[in-house]
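Data block below; observations after.
These numbers come from a predicted model, not from an experiment.
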Amino acid sequence: VAVASGSTIDLRNDNCRISVILPAKPRYSAEVQVQNPSGERLTYDWTLLVTVNGVERTLYGQTGSLESSFDLGRYGNVGPSTNACRVTVRVNAPEASRSKGQTVWSGFCTYNPTQVN
């Protein structure tokens, strides 16, 4: 289910479990759809950024992923804190000059802040 930009999401929440044996998945994820008619091998650089005291910092990032989706899970172990946040993606084509990036969501995140870099 899409979450509108400007909303607040709680990154501490898990999704429903299919089985008690399987680990719970994060409730929120980001996804991008890319037209790739040539079937080129694309990679994705995902970043979850938070703004703390006017400074934007990376909460979590994943570079070189082969996945067009990105789980937004729990981070840190003390908190919670709520701050402005956004998710960015850079889609990397084999030829670097054709790579493109954009913000795919922005709003507010409640999270446990001890791992903000």
Side-chain angles (χ1 to χ4, degrees):
V1 175
V3 176
S5 287
S7 299
T8 299
I9 59 175
D10 190 336
L11 298 178
R12 300 167 304 155
N13 290 343
D14 289 329
N15 211 345
C16 297
R17 290 183 188 207
I18 296 173
S19 163
V20 294
I21 298 170
L22 298 174
K25 291 189 64 146
R27 180 172 182 177
Y28 298 102
S29 63
E31 182 177 356
V32 65
Q33 294 180 351
V34 177
Q35 293 181 3
N36 186 10
S38 301
E40 295 178 300
R41 183 178 182 268
L42 304 175
T43 61
Y44 303 85
D45 297 341
W46 291 98
T47 309
L48 173 59
L49 300 150
V50 295
T51 301
V52 179
N53 297 325
V55 177
E56 188 171 67
R57 301 173 182 185
T58 298
L59 183 59
Y60 180 70
Q62 185 178 45
T63 59
S65 172
L66 298 176
E67 300 295 324
S68 61
S69 63
F70 176 63
D71 285 341
L72 305 176
R74 286 192 221 94
Y75 306 99
N77 57 12
V78 176
S81 183
T82 300
N83 290 294
C85 63
R86 66 188 182 109
V87 177
T88 65
V89 65
R90 180 169 181 79
V91 180
N92 302 301
E95 183 183 319
S97 65
R98 294 187 298 116
S99 298
K100 300 197 183 321
Q102 71 178 42
T103 295
V104 294
W105 183 83
S106 62
F108 295 88
C109 298
T110 299
Y111 61 98
N112 296 323
T114 59
Q115 290 183 345
V116 174
N117 298 322

Using a 4.5 Å cut-off on heavy atoms from C-beta on, say whether the side chain of [Y] contacts that of [X].
| X | Y | result |
| --- | --- | --- |
| Leu66 | Thr43 | yes |
| Lys100 | Val91 | no |
| Phe70 | Val87 | yes |
| Leu42 | Tyr44 | yes |
| Ile9 | Trp105 | yes |

Kindly compute the distance separating [atom1] ([X]) from [atom2] ([Y]), expressed to the nearest 0.5 Å.
| X | Y | atom1 | atom2 | answer |
| --- | --- | --- | --- | --- |
| Tyr60 | Thr47 | OH | OG1 | 10.5 Å |
| Leu49 | Cys109 | CG | SG | 10.0 Å |
| Glu31 | Glu67 | CD | CD | 10.0 Å |
| Phe108 | Cys85 | CZ | SG | 8.5 Å |

For Asp45, what residues pass the side-chain contact (heavy atoms from CB on, under 4.5 Å) criterion, not counting sequence neighbours? Thr63, Arg90, Asn92
With sequence neighbours excluded, tell me which residues meet side-chain contact (heavy atoms from CB on, under 4.5 Å) with Arg98.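 If we apply the side-chain contact (heavy atoms from CB on, under 4.5 Å) test to Arg98, skipping adjacent residues, the hits are Glu40, Ala93, Pro94, Glu95.
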In this structure, which one of Thr88, Val104, Leu72, Asp71 forms a side chain to side chain contact (heavy atoms under 4.5 Å, CB included) with Trp46?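 Option passing the side chain to side chain contact (heavy atoms under 4.5 Å, CB included) with Trp46: Val104.
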